Amino acid sequence: MAPKILSPFISPLPLPLPHHLTSLRSRVFTIHKSPPRPILCKSTPPHRPLVSPPELAGPESDGTGAASPTRGDNFLLRQRSIEATRLAMKEVKLQDAKKKKKREKLPKASSAVTSCYGCGAPLQTSEIDAPGYIDPDTYQLKKKHHQLRTVLCRRCRLLSHGHMITAVGGNGGYSGGKQFVSAEELRDKLSHLRREKALIIKLVDIVDFNGSFLSRVRDLVGANPIILVVTKVDLLPKGSDLNCIGDWIVEATTKKKLNVLSVHLTSSKSLIGIAGVISEIQREKKGRDVYILGAANVGKSAFISALLRLMAEKDPIAAAATRYKPVESAVPGTTLGPIQIEAFPGGGKLYDTPGVHLHHRQAAIVHAEDLPALAPQNRLRGQTFPVTSSVESSCLNGFSVFWGGLVRIDILKVLPETNLTFYGPRGLQIHMVSTAKADSFYQENLGALLTPPTGKDTACDWKGLETERQLLIKFEDTDRPACDVAISGLGWICVEPVKKSLANPELAFQETARELHFSVHVPRPVEIFVRTPMPVGKAGAEWYQYQELTEKEEEVRPKWNF
């Protein structure tokens, strides 16, 4: 009988073999020195040999034979590698999450809490004096019928009926309380804009151009494009040439080095320039959200109302949005949260934002009852004060001019024909007294003849005109005003070295020192701006000089529209 040849996959029996089979055994195992090709499947692997032949068990062998890694070992090794990679990725994600948390962007508007459509404050039923309060029964009824977005809070209803209710602490003479919102909180609600892809409509009040401009607007909006909208141009003095005004605004804006797409002169009351803004928005929106941004009480809500009113003539979506539009009020801080308005078809929403409260404006320090006195309701009419024309030059010095109870100008050194013209609210009366009697005159008449502040009780808490600024105004041309002295939040004073109607042809101006000296007193921390004169009235068009621009300057300079 022929001897059986043992298979290399079956362990040899531990019985002694005949001598003539020993060589056969070695030959049989030598044929299979290389391991069989592994079968890549999910089935159970074949049994390993119980005894490893000495020929295959080399001193450093790890890839063949019984001592080589099995598929199970390779699987475990692979799993450990995957687990190590997973832990490493988890650590990287954890670090990224910590970095992202630092720059976590704020939500545009909370969808979990419904807000008042008039002011943007979250609706609540617990504190009656706080913004956003509505009656609990009304809240439950509207909530049941899914109509909370149509609710106007108690404060907005009072504001719409003429009540002056300040809700921002530190403004309107109030230090604030738990029912007040801080100016910092309102500013924080705008901080996400610099990380959004949005179109910014920045509003500026023409009456308070410097005070309401938001010079650090880039801190809020980042690199987003800006359309500059100048409001209340209908308040400019009669006969003002808007071509001159537009060029003056563009020149002032260019000096601030902002990337402004265009400038629009508008009036929310008469709808002047609103159509041009709509066309610009539709051209530049490109699917982005549109945010209305500006200082407190600059006219954002009135502008949105005019915008929707004009858009509603052709767009049913805008027509529906006019039913629930933001509340308009003379109180700074009427809007307390972002108000989302469905105004555009095909993507992109319109947002009314809380006004940026600027501490350097008059509205931040006067009592709430005096706020309407700071907002001109009719066309500005310059109140001219020729210092004098019938006395000697030495008598011009030593007089003080009071603009209500908010501004005092001491005239230190001027020409005999110097003229001051005040542009601001008509309710603020102007009085001139001797500088020697100015202090006593102010103390005796504050709250009565000199208002605001209005009333003796309010005048007792008034801190007075604590800030004094010395002005040395130099001029070259006697045929045009030397400058404007703008008071933040109030208006401006046009300083004319020589009033044409008072000019003395015999006066040799070549020999006269071309300097004017004033001392201006205002409440702290109201700011005073000295700027190039704004060309208002018929006379403005006569003396205004357009800037000569190169072709490159003309190309990059923003265009103005009205």
Side-chain angles (χ1 to χ4, degrees), residues 206-211 236-237 239-241 244-245 247-252 254-255 380-389 391 393-403 407-424 430 432 435 468-488 490-522 527-548:
I206 189 63
V207 181
D208 185 27
F209 183 83
N210 296 82
L236 290 172
S240 297
D241 188 340
C244 299
I245 298 294
D247 190 74
W248 182 89
I249 291 172
V250 170
E251 181 66 22
T254 305
K255 291 179 180 178
L380 296 179
R381 190 168 55 199
Q383 301 182 63
T384 302
F385 258 71
V387 179
T388 184
S389 61
V391 294
S393 176
S394 59
C395 296
L396 296 174
N397 302 322
F399 281 90
S400 297
V401 181
F402 286 95
W403 197 6
V407 182
R408 167 183 162 182
I409 302 177
D410 296 337
I411 303 165
L412 304 179
K413 183 181 178 181
V414 295
L415 300 177
E417 292 81 6
T418 297
N419 189 77
L420 302 180
T421 304
F422 292 75
Y423 294 97
I430 301 176
M432 186 169 69
T435 302
E468 178 182 0
R469 180 177 174 185
Q470 299 288 331
L471 300 182
L472 176 59
I473 301 171
K474 298 182 179 181
F475 64 94
E476 296 293 336
D477 190 357
T478 58
D479 293 332
R480 64 195 304 269
C483 69
D484 286 344
V485 179
I487 310 298
S488 182
L490 188 62
W492 74 94
I493 304 142
C494 180
V495 180
E496 295 178 86
V498 176
K499 182 70 173 177
K500 289 185 178 181
S501 59
L502 303 176
N504 184 358
E506 299 178 358
L507 185 63
F509 289 106
Q510 293 80 0
E511 302 175 1
T512 304
R514 296 174 178 256
E515 295 179 348
L516 305 176
H517 292 252
F518 298 96
S519 178
V520 183
H521 305 253
V522 292
E527 287 192 6
I528 302 167
F529 302 93
V530 178
R531 69 190 189 193
T532 57
M534 184 186 295
V536 296
K538 293 181 179 179
E542 297 176 2
W543 57 256
Y544 183 72
Q545 297 176 351
Y546 289 91
Q547 297 292 326
E548 295 292 336

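These numbers were taken from a predicted model, which means no experiment stands behind them. Residues: numbered from 1 along the sequence shown.
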Output yes when a side-chain donor or acceptor of [X] lies under 3.5 Å from a complementary backbone atom of [Y], and no otherwise.
| X | Y | result |
| --- | --- | --- |
| Trp248 | Pro533 | yes |
| Ser400 | Asp410 | no |
| Thr418 | Val498 | no |
| Thr421 | Gln383 | no |

Do you know which two heavy atoms are closest between [X] and [Y], and how far apart they sit?
| X | Y | answer |
| --- | --- | --- |
| Ala541 | Cys244 | CA-SG, 4.0 Å |
| Gly537 | Ser240 | N-OG, 2.8 Å |
| Val207 | Leu490 | CG1-O, 4.0 Å |
| Ser488 | Phe529 | CB-CE1, 3.9 Å |
| Phe475 | Ala482 | CB-CB, 3.8 Å |

[atom1] of [X] to [atom2] of [Y]: how many Å apart, nearest 0.5 Å?
| X | Y | atom1 | atom2 | result |
| --- | --- | --- | --- | --- |
| Thr384 | Ile430 | OG1 | CD1 | 8.5 Å |
| Gln545 | Asp477 | CD | CG | 7.0 Å |
| Cys483 | Trp492 | SG | CH2 | 13.5 Å |
| Leu415 | Thr478 | CG | OG1 | 9.0 Å |
| Ser519 | Lys413 | OG | NZ | 16.0 Å |
| Arg408 | His521 | CZ | NE2 | 4.5 Å |

May I have the step-by-step check of side chain to side chain contact (heavy atoms under 4.5 Å, CB included) for Leu516 and Glu496, ending in yes or no? CA-CA 10 Å; Leu516 305 176; Glu496 295 178 86; over 6 Å; no
Evaluation steps, side chain to side chain contact (heavy atoms under 4.5 Å, CB included), between Phe422 and Ile409: CA-CA 12 Å; Phe422 292 75; Ile409 302 177; 4.1 Å; yes
Taking the side chain as every heavy atom from C-beta outward, state whether [X] and [Y] have any pair of such atoms under 4.5 Å apart.
| X | Y | answer |
| --- | --- | --- |
| Ile245 | Pro535 | yes |
| Val414 | Phe518 | yes |
| Pro497 | Arg514 | no |
| Asp484 | Phe209 | no |
| Leu412 | Gln470 | yes |
| Tyr423 | Met534 | no |

Do Tyr544 and Asp247 have side-chain N/O donor and acceptor atoms under 3.5 Å apart?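 There is such a pair (donor and acceptor under 3.5 Å, judged by atom type) between the side chains of Tyr544 and Asp247.
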Enclosure of Arg469 CZ (heavy-atom neighbours >12, cutoff 6.0 Å):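 Yes, enclosed.
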